Novice: 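Provided herewith is a single structure, encoded as structure tokens, for subsequent inquiry.
Everything numeric in this text was worked out from a predicted model, so none of it was measured.
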Amino acid sequence: MGRPGNAGENSGGEQRKKIPTQFVNFVFFKVDPAWRRLSQEEQDKGKQEFASVVKEYQGKGGMMVIPYSLVGIRADAEFMLWRIAKNVEDFQEMSHKLLHTGLGKYLEITYSYLSFTKRSMYVDKMDPEHQNPRVYIIPGMKKYLFIYPFIKTRDWYQLSYPTRQGMMDEHIQVGSKYPSVKLNTTYSFGIDDHEFVVAFETDEITDFSLLVQELRETEASRYTLRDVPMFTCVHHPEIEDALHTL
């Protein structure tokens with residue numbers, strides 16, 4: 001393996017094929033109560049306009065837009081769009097159109113997290129190839145998605161790489177005990193208030209809860225400065241299905 005920062009050449013001197021960076025955005029919406037006082041016809045029209053914009057961008061330029069509902073789960077967000085694109089301008093362009101729909105005029109964006117994908121610096125010794133897919137997110141479309149941003153303490157970055165790798169070995173070993181939970185790690189250093197945004201996909205809520213509880217006991221957990229807010233999101237295959245929960 002070449003040194004970090006090298007042009008990425010293999011032993012034969014051939015340059016590795018570069019995988020495009022994905023920019024990731026988790027955007028959370030809350031509906032103004034005034035929207036629910038509109039006529040059913042106006043509500044339906046507004047939802048149709050909103051859904052049309054979402055569908056316009058699903059697959060446009062390789063963009064992914066996946067809808068989730070949080071109605072009845074959190075008080076500060078009612079639905080969320082998981083967006084993955086090649087550039088951040090796509091998020092801006094799409095958001096502009098969404099907020100000018102009949103529904104969008106009654107929406108407040110309560111949270112929005114920006115991050116990107118890159119290869120982890122830590123090696124998964126249980127499965128050395130495991131870190132490769134993390135460069136490119138392929139959502140598993142599981143029933144539930146759990147999202148939270150987090151920040152490590154500055155002391156963590158002062159530890160030697162072998163020390164941190166050792167702690168991550170334990171962290172990875174715990175994660176391997178819960179194969180039903182798929183982890184998506186993205187990075188926010190310098191582009192948002194936090195350092196990482198993680199998204200866990202699973203069909204079993206309790207599996208994720210047990211995983212988090214066990215991870216609290218690992219050595220690496222001592223170096224977590226902040227890992228809230230945490231969101232439990234319910235996946236809906238179609239945007240209309242998510243909007244119908246409002």
Novice: Would you kindly confirm whether M121 and Y157 end up in one hydrophobic cluster when ILVMFWY residues are joined by side chain heavy atoms under 4.5 Å apart?
Specialist: yes
Novice: Going from OH on Y68 to CG on L81, what distance comes out if it is rounded to the nearest 0.5 angstrom?
Specialist: 10.5 Å
Novice: Counting C-beta onward and ignoring hydrogens, is there a side-chain heavy-atom pair between V234 and Y144 closer than 4.5 Å?
Specialist: yes
Novice: Do the side chain of D192 and the main chain of L114 share a donor and acceptor less than 3.5 angstrom apart?
Specialist: yes
Novice: Do F28 and C233 come close enough that some side-chain heavy atom pair is under 4.5 Å?
Specialist: yes
Novice: Decide whether L159 and I151 are clustered together by the hydrophobic rule: side chain heavy atoms of Ile, Leu, Val, Met, Phe, Trp, Tyr closer than 4.5 Å, transitively.
Specialist: no
Novice: To the nearest 0.5 Å, what is the distance between OG on S120 and CG on L183?
Specialist: 9.5 Å
Novice: Do Y136 and T117 make a side-chain contact, defined as non-hydrogen atoms from C-beta onward lying under 4.5 Å apart?
Specialist: no
Novice: What is the distance from atom CD of Q58 to atom CE of M63, rounded to the nearest 0.5 Å?
Specialist: 9.5 Å
Novice: What distance do K30 atom NZ and E78 atom CD have between them, rounded to the nearest 0.5 Å?
Specialist: 4.5 Å
Novice: Going by atom type alone, with no hydrogens or angles, which donor-acceptor pairs under 3.5 Å involve a side-chain atom of residues 207-215 and a protein atom two or more places apart or on another chain?
Specialist:
{"from": "D207", "atom 1": "OD2", "to": "S180", "atom 2": "OG", "distance (Å)": "2.6"}
{"from": "E214", "atom 1": "OE1", "to": "K177", "atom 2": "NZ", "distance (Å)": "3.4"}
{"from": "E214", "atom 1": "OE1", "to": "Y178", "atom 2": "OH", "distance (Å)": "2.8"}
{"from": "E214", "atom 1": "OE2", "to": "K177", "atom 2": "NZ", "distance (Å)": "2.4"}

Novice: Between Q43 and R36, is there a donor-acceptor pair closer than 3.5 Å when you use the side chain of the first and the backbone of the second?
Specialist: yes
Novice: Which of these, V65, I147, N25, V24, sits in a side chain to side chain contact (heavy atoms under 4.5 Å, CB included) with W82?
Specialist: V24
Novice: Strictly distance-based, threshold 3.5 Å: is any side-chain N or O of S95 a donor or acceptor partner for the main-chain N or O of Q92?
Specialist: no
Novice: Are Q48 and D44 close enough that a side-chain donor and a side-chain acceptor fall under 3.5 Å?
Specialist: no
Novice: Does a side-chain N-to-carboxylate-O contact under 4.0 Å join E201 and K142?
Specialist: no
Novice: Measure across D241 and P237 and return the closest heavy-atom pair with its distance rounded to 0.1 Å.
Specialist: OD2-CD, 4.4 Å
Novice: Determine yes or no for a side-chain-to-main-chain donor-acceptor pair under 3.5 angstrom, with Y111 supplying the side chain and D76 the backbone.
Specialist: no
Novice: Examine V53 and I109 and state if one hydrophobic cluster contains both, with Ile, Leu, Val, Met, Phe, Trp and Tyr joined whenever side-chain heavy atoms are less than 4.5 Å apart.
Specialist: yes
Novice: Indicate the atoms forming the closest heavy-atom contact of F23 with N87, along with that distance.
Specialist: CD1-CA, 3.7 Å
Novice: Any heavy-atom pair between the side chains of Y106 and L38 that's under 4.5 Å?
Specialist: yes
Novice: Does NZ belonging to K152 count more than 12 external heavy atoms closer than 6.0 Å?
Specialist: yes
Novice: Can F150 and F196 be said to form a ring-ring contact (aromatic ring centres under 6.0 Å, His included), step by step?
Specialist: CA-CA 5 Å; F150 77 96; F196 308 88; 4.7 Å; yes
Novice: Rounded at 0.5 Å granularity, tell me how far CD1 in I239 sits from CD1 in I66.
Specialist: 11.5 Å
Novice: How long is the straight-line distance from NZ of K143 back to OG1 of T202, given to the nearest 0.5 Å?
Specialist: 11.0 Å
Novice: Which atom names give the shortest non-hydrogen contact between I138 and K182, and what distance separates them?
Specialist: O-NZ, 3.1 Å
Novice: Assign the ring pair Y187 / F189 to parallel, tilted or perpendicular, where the plane angle (0 to 90°) is split at 30° and 60°.
Specialist: parallel
Novice: Give the ring-plane orientation class for F29 versus F50, where under 30° counts as parallel, over 60° as perpendicular and anything between as tilted.
Specialist: perpendicular
Novice: Provide the closest heavy-atom pair for T101 versus K97 in the form atom of the first, atom of the second, distance.
Specialist: CG2-O, 3.3 Å
Novice: Do M167 and T163 have side chains that get closer than 4.5 Å, going by heavy atoms?
Specialist: yes
Novice: Run the side chain to side chain contact (heavy atoms under 4.5 Å, CB included) check on V198 and Y148 step by step: do they pass?
Specialist: CA-CA 6 Å; V198 291; Y148 63 90; 3.5 Å; yes
Novice: Could you label the plane-to-plane angle of the Y223 and W156 rings as parallel, tilted or perpendicular, counting under 30° as parallel and over 60° as perpendicular?
Specialist: tilted
Novice: With distance as the sole test, does T218 use its side chain to make a donor-acceptor pair with the main-chain N or O of E170 at under 3.5 Å?
Specialist: no
Novice: With a 4.5 Å cut-off on side-chain heavy-atom distances among I, L, V, M, F, W and Y, is there a chain of contacts connecting Y161 to M168?
Specialist: yes
Novice: Taking side chain as C-beta onward, heavy atoms only, is M94 less than 4.5 Å from D90?
Specialist: no
Novice: Looking only at heavy atoms, which two atoms of T153 and T224 are closest? And how far apart?
Specialist: CG2-C, 4.2 Å
Novice: Report the C-alpha distance between H236 and H244 in whole Å, list the side-chain angles of each, state the deciding distance to 0.1 Å, and finish with yes or no for side chain to side chain contact (heavy atoms under 4.5 Å, CB included).
Specialist: CA-CA 10 Å; H236 289 273; H244 286 335; over 6 Å; no
Novice: Compare every heavy atom of Y113 with every heavy atom of P229, then report the nearest pair and how far apart it is.
Specialist: CG-OH, 3.2 Å
Novice: Can you name the residues that form a side-chain hydrogen bond (donor to acceptor under 3.5 Å, both in side chains) with E42, not counting sequence neighbours?
Specialist: S39
Novice: Using only atom types and a distance under 3.5 Å, with no angle test, would you say the side chain of N184 pairs donor to acceptor with the backbone of A199?
Specialist: yes
Novice: After noting the C-alpha distance and the side-chain angles of E49 and K105, does the key distance pass the salt bridge (Lys or Arg N to Asp or Glu O under 4.0 Å) rule?
Specialist: CA-CA 11 Å; E49 292 175 357; K105 294 174 183 178; over 6 Å; no
Novice: Just wondering, do R74 and M80 contact through their side chains at under 4.5 Å, heavy atoms?
Specialist: no
Novice: Quick one, F146 and V181 - any side-chain contact, counting heavy atoms below 4.5 Å?
Specialist: no
Novice: For side chain to side chain contact (heavy atoms under 4.5 Å, CB included), just list the numbers for H235 and M141, CA-CA rounded to whole Å, side-chain angles, deciding distance to a tenth of an Å, and then say yes or no.
Specialist: CA-CA 7 Å; H235 176 236; M141 304 301 183; 3.9 Å; yes
